[in-house]
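Numbered from 1 within each chain, the chains take letters A, B, ... in sequence-line order.
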Amino acid sequence: MAEEKKSLNFIEQIIKEDLKNGLDNTKLRFRFPPEPNGYLHIGHAASICLNFGLGQTYNAPVNLRFDDTNPTKEEQEYVDAIKKDIKWLGFEWDNELYSSDYFQQLYEWAILLINNGKAYVDDQTSAQIAEQKGTPTQVGTDSPNRNRSVEENLELFEKMKNGDFKEGSHVLRAKISMTANNMLMRDPIIYRILYKKHHRTGNDWNIYPMYDWTHGESDYIEQISHSFCTLEFNPHRELYNWFLKQVYNGDNLKPKQREFARRNLSYTVMSKRKLLQLVEEELVNGWDDPRMPTISGLRRRGYTAKSIRDFSETAGIAKRDNITDIALLEFHIKNELNKTAPRVMAVLDPVKLVITNYPENKEEILIAENNPEDENAGSREVPFSREIYIEREDFREQANKKFFRLKLDKEVRLKNAYIIKANSVVKDESGEITEIQCTYDEDSRSGSGSEASKRKVKGTIHWVSIKHAIKAEVRLYDRLFTDEAPDSHKDKDFKEFINPNSLKIIDNAFVEPSLKTATVGNQFQFQRLGYFNIDNDSTKDNLVFNRTVPLRDSWAKQNK
RNA sequence: UGACCCAUGGUGUAACGGUAGCACUCCGGUUUUUGGUAUCGUCAGUCAAGGUUCGAAUCCUUGUGGGUCAACCA
């Protein structure tokens with residue numbers, strides 16, 4: 001059997017190596033650990049695809065663990081949204097878990113630390129503690145409280161837990177080294193007092209564990225074999241291991257933290273903090289605004305789960321900082337929709353066209369192919385009549401040979417219909433064309449098999465019958481930022497680069513009548529224009545479409 | 001004036017001491033009742049300098065460039 005040699009990313013190589021060195025593959029276990037303080041974005045998708053993907057390749061469990069140790073930022077709304085997005089992406093978790101499930105165990109371990117002389121209560125102000133921490137190039141100094149007795153520490157910590165102290169007055173610190181090169185090792189805080197209701201534990205706790213004290217121990221409790229996080233946590237690894245060593249019982253598996261580069265996309269921002277700003281300052285219409293790089297935004301925009309998975313797969317996993325071209329994401333959605341989206345005709349910028357030799361009251365039903373890429377897609381009926389709308393930019397009174405569309409005295413094919421020739425125009429007082437008058441070749445109907453129907457004309461344009469068309473709202477989206485990396489400028493705020501034209505609403509578009517029965521989420525290709533889906537705001541009487549992504553347009557490029 | 005991480009076409013990612021490959025983008029040809037799709041093709045890369053080796057993108061040294069670290073955030 002010829003085996004295809006698939007190249008492995010560095011994380012897969014680490015696992016392969018661990019397996020080779022004796023790790024039993026039944027011990028493999030992964031986790032995806034979001035903090036429920038915002039919505040998931042395309043960067044998280046990379047991590048989700050990585051962890052759940054590893055679960056699939058190795059047939060290993062993958063936990064969904066909410067890292068909920070900071071009640072000031074976390075909400076149930078986010079928990080629900082995160083679960084929805086992961087499911088939608090097509091993944092299933094083994095256990096739904098919460099760091100807060102481990103608050104009691106973490107507390108007991110903190111007492112163990114105190115008993116072992118590895119932790120102490122500090123009642124200095126946060127400013128004093130920060131001051132003593134030193135700087136990256138200058139060592140810190142010991143807290144005056146560093147050598148409290150075990151008994152005193154136990155008592156103070158108990159009081160912290162019982163709510164006897166004011167918020168911010170006391171912390172529990174690990175006793176490591178104030179001279180370590182790694183700032184995180186300089187006696188990091190592991191518990192702080194917070195009188196804040198937690199979305200799961202309510203008011204049970206007055207003290208909350210910090211990230212570093214929680215994450216590794218949670219991995220350990222769940223016996224996660226490989227704990228993957230993004231690059232900025234690399235300095236935390238030393239502390240992660242230090243904490244683990246304090247509670248390790250010698251038998252269990254010791255989780256391993258490794259870091260990979262977060263996935264950045266050009267022309268957008270990828271940090272929950274900044275996305276939250278956009279939402280709160282109403283620069284977008286919520287987390288699921290179709291311009292947002294959130295999973296919910298992309299979904300509403302018309303991106304499919306598969307396209308996002310394919311993107312993550314193609315973009316890969318590595319350790320260097322990156323800004324991936326948004327064109328790669330767009331490629332994957334176009335690639336999929338090209339094969340699956342039914343073709344329809346819609347006119348976004350209508351101008352009236354009259355076929356003067358077509359009988360006044362005649363109507364015809366023409367047959368249109370639903371998808372040339374899919375022979376099982378079948379066909380549909382499209383009504384034709386004397387007066388139609390075409391795209392304003394598809395007509396010019398005069399143009400050079402490169403303009404393949406309609407111009408005076410020249411012919412063009414109406415898609416799925418007849419060949420027409422433009423004869424004259426009617427203009428209003430400002431000189432704008434209000435009507436194009438044409439004649440049609442009666443024998444040239446598409447698919448009729450006649451000689452005339454087989455004639456080659458250079459251009460084909462789309463249209464809708466005015467009498468039969470449905471008026472619709474169409475929302476055109478452009479990139480949210482004008483800069484490739486809006487948050488990379490040290491002296492400028494990312495919001496300075498917001499694209500003022502990122503949303504264009506067209507309220508007088510016309511679509512063919514077959515769209516009458518379309519419902520929210522349905523996806524189409526508006527021929528020659530792009531891929532569109534029906535937005536949540538859409539109603540039976542007022543169809544609303546989002547443009548997911550335009551078609552490649554080599555004509556527009558040529559005209560630049 | 002520290003420690004740690006990183007460096008391959010425009011972008012993203014492979015090659016694990018033995019032919020620098022793939023995808024996207026860009027550009028061009030062919031086909032086409034979508035200026036779409038498909039298809040064919042072009043352009044284009046190992047940060048630098050030393051060293052080890054028969055052989056270096058890969059190992060070593062130094063430099064350069066980028067990133068991370070001084071929240072009672074995660």
Counterpart residues, salt bridge (Lys or Arg N to Asp or Glu O under 4.0 Å), relative to [X] (two or more places apart):
| X | answer |
| --- | --- |
| A:Glu484 | none |
| A:Lys83 | A:Glu96 |
| A:Glu373 | none |
| A:Arg445 | none |

For this session: Can you figure out which of B:G12, B:G2, B:U13 approaches the side chain of A:Ala315 most closely?
Result: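 From the listed options, B:G12 comes nearest.
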For this session: Sugar-phosphate means primed atoms, P, OP1 and OP2; the rest is base. With that split, encode nucleotides 68-74 of chain B 5' to 3' as B, S or - using protein heavy atoms under 4.0 Å.
Result: SSB-BBB
Exercise. How does protein reach along nucleotides 31-39 of chain B, written 5' to 3' as B (base within reach of a heavy atom under 4.0 Å), S (only sugar-phosphate), or - (no contact)?
Worked result: --BBBBB--
For this session: Check RNA chain B for consecutive Watson-Crick or G-U pairs with both distances under 3.5 Å and list the runs of at least three as stems.
Result: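 For RNA chain B the paired stretches long enough to count as stems (3 pairs minimum) are B:2-7 with B:64-69, B:10-13 with B:21-24, B:27-30 with B:38-41, B:47-51 with B:59-63.
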Enumerate the salt bridge (Lys or Arg N to Asp or Glu O under 4.0 Å) contacts for [range], please, sequence neighbours excluded, ordered by first and then second residue.
| range | answer |
| --- | --- |
| residues 446-459 of chain A | A:Glu411-A:Arg455, A:Asp441-A:Arg455 |
| residues 231-243 of chain A | A:Glu232-A:Arg262, A:Arg237-A:Glu259 |
| residues 307-327 of chain A | A:Lys306-A:Asp310 |

Problem set entry | B:C26 OP1/OP2 closer than 4.0 Å to side-chain N/O of A:Lys557 |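 So the side chain of A:Lys557 is within the cut-off, an N or O lying under 4.0 Å from OP1 or OP2 of B:C26.
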Exercise. For atom P, what is the distance between B:G2 and B:C43, given to the nearest Å?
Worked result: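 Going atom to atom, P in each nucleotide, I get 45 Å.
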For this session: Could you work out the separation of B:G29 and B:U42 based on their P atoms and round it to a whole Å?
Result: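 My reading of the P atoms in B:G29 and B:U42 gives 15 Å.
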Exercise. Looking at residues at least two apart in the chain, or sitting in another chain, which of them share a side chain to side chain contact (heavy atoms under 4.5 Å, CB included) with A:Glu17?
Worked result: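 With neighbours one apart ignored, the set is A:Lys20, A:Asn21.
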For this session: Could you tell me whether A:Lys339 and A:Asp374 have a side-chain N and a carboxylate O separated by less than 4.0 Å?
Result: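 Salt bridge: no.
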For this session: Only counting residues at least two apart or in another chain, list the ones meeting side chain to side chain donor-acceptor pair (under 3.5 Å) with A:Lys272.
Result: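 A:Lys272 satisfies side chain to side chain donor-acceptor pair (under 3.5 Å) with A:Asn37 only.
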